[in-house]
Amino acid sequence: MFKPLLIAAVIATTTATAQQKIDLPRQTGLAPMNAVSAHGIVWLKDVHFREGILEMDLRGKDVFLKSFLGLAFHGTDTLHYENICFRPFNFRHPDTARHHWMVQYTSMPDAPYDYLRKNYPYQYENIVNPIPDPNGWFHATIVVSHGYVTVFVNHSSEPSLQIKAFKPLEGDLLGLWADGLDGDFANLTVAPLPGEPLGTSVKHGSYTIVNRAFTDDGQVMHMDARYGDGIAWLDDHALKNGSVEFDVRGQDIFQGSFVGLAFHGVDDTTFEAVYFRPFNFRSEDSGRRAHSVQYVAAPAYGWRRLRTEFPGKYENPVALSPDDWFHVKIRIQGDDIRVSADGKDVLHVQSIVHTGGTKIGLFAADGSGGDWRKLLIN
């Protein structure tokens, strides 16, 4: 059992309303200069956190099964809390199966890592991207909002982990967390989330909008960019088999534009999707061009897992202008999914899951916005 170490902090807030930096006690021999070395749970005195954006620099050690570190939040005591944990010894482990266990969400005591791994494989842990030095400092951004937790590493625009909390807790304690060897922490800040909380669903005419601001002027449907995935579910349509056509426009912004369609949806976290990465369409890197169109099945089969386990099977190149409108047709018949762009076949895959859902919606992944028009469902 962890024994809490209470350390002084300079702010107190229930939900972040402005960015606030928390001063950690300085330790000699560490860099950055405001770093602290900790073991167990170090609850931050007088700091109360429910929702917002947590920023932190961390450093563990490349010692097998000995270095676990992260943040505990929504805590009531040392037995009841949620946690994001990093395992630096898995960052560059020669066993690639261990790469899926680099970052982990848990909800203690009812949902520890072994329970989640056995019952919900690959849902609550994932590969860290980009992969840090296992003995070096790395930066983590943890977004906690409306029952969702999203983790970004080293300022990447693509999340390393994005989950709906297994069991959201009611506490408001926030703390440093380390098991095994001591962990090093620095530069902890708390900031509010811009816009609506992650995961918020609102009605907009005949749409239900998830985690985006949405406009429809009768010609163009637009979703803005914000943390996480966004969906505009079409309330008046259900689709199991058939075809969907639309024009879509993204942007030629590296790692910043992911636009497409969600289908076979059960709820806001369980669905299949096909989306495009326009910034890869004309990349000089042939490897990136091969990642231009992607199939995924949330939550279990994200792009990273599919690329690792089935390289080249669920994504393909697309040779189009990255900033212009292009026409998409997606044909769904049973497990068979065929995708064309501007009349050319670009992807043909078999469903990797059977959700049983019939919800269909416009889809913007990984913090992206986008534009859609001329939607036709048959």
Side-chain angles (χ1 to χ4, degrees), residues 51-53 126 141-152 156-165 192-217 220-237 239 244 246-279 293-299 301-304 325-326 328 330 355 357 359-373 375 377:
E51 293 187 335
I53 303 172
N126 208 355
T141 302
I142 302 173
V143 183
V144 181
S145 182
H146 208 69
Y148 286 75
V149 182
T150 307
V151 181
F152 301 84
S156 174
S157 62
E158 294 194 42
S160 293
L161 185 69
Q162 184 176 35
I163 55 96
K164 188 172 185 178
L193 249 176
E196 293 293 328
L198 183 63
T200 297
S201 297
V202 296
K203 287 285 295 180
H204 187 289
S206 60
Y207 300 90
T208 295
I209 312 304
V210 181
N211 191 38
R212 289 293 188 274
F214 178 83
T215 59
D216 181 359
D217 64 6
V220 175
M221 297 158 283
H222 173 77
M223 285 196 282
D224 73 347
R226 60 182 66 188
Y227 282 112
D229 294 340
I231 309 174
W233 293 119
L234 283 74
D235 295 336
D236 298 335
H237 294 274
L239 182 73
V244 184
F246 54 91
D247 291 347
V248 66
R249 179 175 61 187
Q251 292 180 289
D252 190 10
I253 299 175
F254 181 60
Q255 303 286 21
S257 185
F258 310 86
V259 289
L261 185 82
F263 53 92
H264 290 168
V266 176
D267 53 35
D268 297 345
T269 61
T270 304
F271 54 86
E272 296 174 81
V274 168
Y275 65 87
F276 295 83
R277 303 182 179 100
F279 56 86
V293 59
Q294 174 81 56
Y295 163 88
V296 295
Y301 290 91
W303 68 268
R304 192 177 286 110
W325 289 98
F326 59 96
V328 177
I330 301 175
T355 69
K359 292 168 68 71
I360 186 169
L362 312 178
F363 181 64
D366 293 335
S368 171
D371 298 314
W372 292 255
R373 68 183 183 186
L375 179 65
I377 301 172

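Numbers for residues simply follow the sequence, beginning at 1. Just so you know, these numbers use all the heavy atoms, side chains as well, and skip hydrogens, waters and symmetry mates.
Closest heavy-atom contact between G370 and V259: CA-CG1, 3.8 Å. Across every non-hydrogen atom of Q294 and R277, the tightest pair is OE1-NH2, 3.0 Å. Here the closest non-hydrogen pair linking T355 and E272 is CG2-CG, 4.5 Å. Nearest heavy atom pair, residue D216 against residue H204, reads N-CE1, 4.4 Å. Between F276 and P278, the closest heavy-atom pair is O-CD, 3.3 Å. The two residues D267 and K359 come nearest to each other via the heavy atoms N-CD, 4.3 Å.
Note that the OG atom of S368 and the CZ atom of R212 stand 7.0 Å from one another [nearest 0.5 Å]. The CD1 atom of I142 sits 10.5 Å away from atom OG1 of T150, with the distance rounded to the nearest 0.5 Å. Here D235 contributes atom CG and I209 contributes atom CD1; the two are 8.0 Å apart, rounded to the nearest 0.5 Å. Rounding to the nearest 0.5 Å gives a distance of 10.5 Å between CZ of F271 and CG of L261. Separation of atoms CG (L375) and CG (D247) is listed at 10.0 Å; rounding is to 0.5 Å. With rounding to the nearest 0.5 Å, the separation of CD1 in I360 from CD1 in I330 is 8.0 Å.
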(request) Tell me, with the steps shown, if Y275 and V296 meet side chain to side chain contact (heavy atoms under 4.5 Å, CB included). (result) CA-CA 8 Å; Y275 65 87; V296 295; 3.9 Å; yes
(message) For V274 and V293: C-alpha separation, side-chain torsions, deciding distance, then whether side chain to side chain contact (heavy atoms under 4.5 Å, CB included) applies.
(response) CA-CA 7 Å; V274 168; V293 59; 4.0 Å; yes
(message) Evaluate D366 against D229 for side chain to side chain contact (heavy atoms under 4.5 Å, CB included), listing each step before the verdict.
(response) CA-CA 5 Å; D366 293 335; D229 294 340; 3.8 Å; yes
(request) Please test N126 against S160 for side-chain hydrogen bond (donor to acceptor under 3.5 Å, both in side chains), starting from the C-alpha separation and ending with a verdict. (result) CA-CA 7 Å; N126 208 355; S160 293; over 6 Å; no
(message) Please determine whether side chain to side chain contact (heavy atoms under 4.5 Å, CB included) holds for the pair K164 and Y148, giving the CA-CA distance in whole Å, both sets of side-chain angles, and the decisive distance to 0.1 Å.
(response) CA-CA 4 Å; K164 188 172 185 178; Y148 286 75; 4.1 Å; yes
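In summary, of the residues considered (Y207, W233, W372), a ring-ring contact (aromatic ring centres under 6.0 Å, His included) with F214 occurs for Y207 alone. The side chain to side chain donor-acceptor pair (under 3.5 Å) test with H222 is passed by exactly one of T215, D217, D371: D371.
A ring-centre distance under 6.0 Å is found for F279 and F258.
With contacts defined as side-chain heavy-atom distances shorter than 4.5 Å, the pair I377/L234 qualifies.
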